[in-house]
Amino acid sequence: MQKTIAIIGAGPGLGLSIAKKFGKQQFNVALIARNSEKLAVMVDELKTMNIQANSYLADITDLSQLQTALRAAKKDFGGIDVLEFSPYSGPDKFRNVLEVTPENLMEQVNSYLLPAIHSINEVLPNLQEKGEGAILFTTGLSAFHPIPQLGNAGIVMSGIRNYATNLHNVLKEQGIYVGHLSIGTFIAAGTEGDPDLIAEAWYDLYSKKEQFEATFPKEIKLPF
């Protein structure tokens, strides 16, 4: 039976590249995002590659929409085997550490942390029942290294890493792989941050299951 990967926050860059990489490995693909036009284009491209893909419209800051999307994907594909979480709200939402307020911090919490927890709670019981599967967290470099310019985002990214680490330590005993990949470069085709290269790194982590986390590129140059 084919497995299914659900990609939350799927876009035409990294999300699509991950979909292609896993799809070439005989995965069905469920794309979850809020832009219906972009989703339609991605699904069409995947289908030209003979990858079975469906899209599910959801603003992930609306947890009820996110839950509806995940449940629809599970119904359509008979379950979700791999959950990849990589939404990106954009640099206009980032604030310097001296400008962090409860309001701009909650924007990050609502657009990343709460949807992550909600998504895991939705798919985890099925993974535990089967005793296999994977949860993959994609974050920025501020999950590892404090970056003053990313004051509000860094609080959430480091929190996500803590959450992912705890999940990894508990779920590895249940046959479920939890992985974390922290991106330390701009994502753009034809550069060191080519999304296809990142997708390769993700599949390598997932398929080998030898380590919990990695950075991309492996040799990170800190911006300070």
Side-chain angles (χ1 to χ4, degrees), residues 1-11 14-16 18-19 21-23 27-36 38-39 42-43 46 51-89 106-139 143 156-157 159-181 202-203 205-206 209 212-213:
M1 178 181 291
Q2 276 192 300
K3 294 183 178 180
T4 297
I5 181 171
I7 301 172
I8 297 180
L14 180 57
L16 181 57
I18 292 172
K21 179 60 183 179
F22 277 77
F27 274 78
N28 300 315
V29 176
L31 302 173
I32 299 174
R34 63 184 178 182
N35 189 310
S36 58
K38 290 181 180 179
L39 284 171
M42 289 188 285
V43 168
L46 291 170
I51 296 171
Q52 181 60 45
N54 288 345
S55 65
Y56 303 89
L57 193 64
D59 179 343
I60 67 169
T61 64
D62 185 327
L63 300 183
S64 63
Q65 286 187 21
L66 178 57
Q67 183 180 63
T68 297
L70 285 166
R71 290 184 177 182
K74 288 193 291 185
K75 181 179 179 181
D76 289 345
F77 290 113
I80 293 172
D81 302 279
V82 177
L83 178 72
E84 192 276 333
F85 193 84
S86 56
Y88 180 64
S89 58
M106 284 307 299
E107 285 184 343
Q108 295 294 315
V109 170
N110 291 331
S111 64
Y112 203 100
L113 181 59
L114 297 187
I117 295 170
H118 199 62
S119 300
I120 275 67
N121 288 343
E122 183 63 35
V123 304
L124 184 55
N126 299 120
L127 301 184
Q128 290 174 306
E129 183 179 350
K130 292 186 293 185
E132 62 179 6
I135 299 168
L136 313 178
F137 292 93
T138 304
T139 69
V156 172
M157 292 295 105
I160 281 286
R161 180 172 178 251
N162 180 284
Y163 177 51
T165 304
N166 283 328
L167 286 175
H168 167 74
N169 291 337
V170 172
L171 293 176
K172 64 183 178 182
E173 305 300 331
Q174 301 180 31
I176 300 166
Y177 173 72
V178 178
H180 170 228
L181 186 64
W202 243 142
Y203 192 80
L205 270 178
Y206 162 76
K209 297 179 175 62
F212 158 60
E213 65 184 358

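Everything numeric in this text was worked out from a predicted model, so none of it was measured.
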Where do [X] and [Y] come nearest, in terms of heavy atoms and distance?
X	Y	result
Leu127	Ile80	CD2-O, 3.3 Å
Gly9	Ala33	C-CB, 4.5 Å
Pro125	Ile120	CD-O, 4.4 Å
Leu70	Ile8	CD2-CD1, 4.1 Å
Leu83	Ser119	CD2-CB, 3.8 Å
Ser55	Val43	CB-CG2, 3.7 Å

Can you check whether [X] reaches [Y] side chain to side chain, under 4.5 Å on heavy atoms?
X	Y	answer
Tyr177	Leu171	no
Leu181	Leu205	yes
Asn28	Phe22	no
Trp202	Ile18	yes
Tyr163	Phe137	yes
Gln52	Phe77	yes
Gln128	Ile176	yes
Arg161	Glu213	yes

Rounded at 0.5 Å granularity, tell me how far [atom1] in [X] sits from [atom2] in [Y].
X	Y	atom1	atom2	result
Phe85	Ile135	CZ	CD1	11.5 Å
Gln2	Asp81	CD	CG	10.5 Å
Met106	Leu114	CE	CG	6.0 Å
His168	Glu173	NE2	CD	9.0 Å
Leu66	His118	CG	NE2	5.5 Å
Leu46	Phe27	CG	CZ	14.0 Å

* **By salt bridge (Lys or Arg N to Asp or Glu O under 4.0 Å) - contacts of Lys38 (at least two apart)** => none

* Structure fact -> By salt bridge (Lys or Arg N to Asp or Glu O under 4.0 Å), Lys74 pairs with (sequence neighbours left out) Glu122

* Distance-only donor-acceptor check, side chains Thr165 and His180, under 3.5 Å -> no

* Asked: Between the side chains of Ser86 and Glu84, does any donor sit under 3.5 Å from an acceptor?
  -> yes

Is there a donor-acceptor pair closer than 3.5 Å between any side-chain N or O of [X] and the backbone N or O of [Y]?
X	Y	value
Gln65	Asp59	yes
Lys209	Tyr206	yes
Asn54	Ala30	no

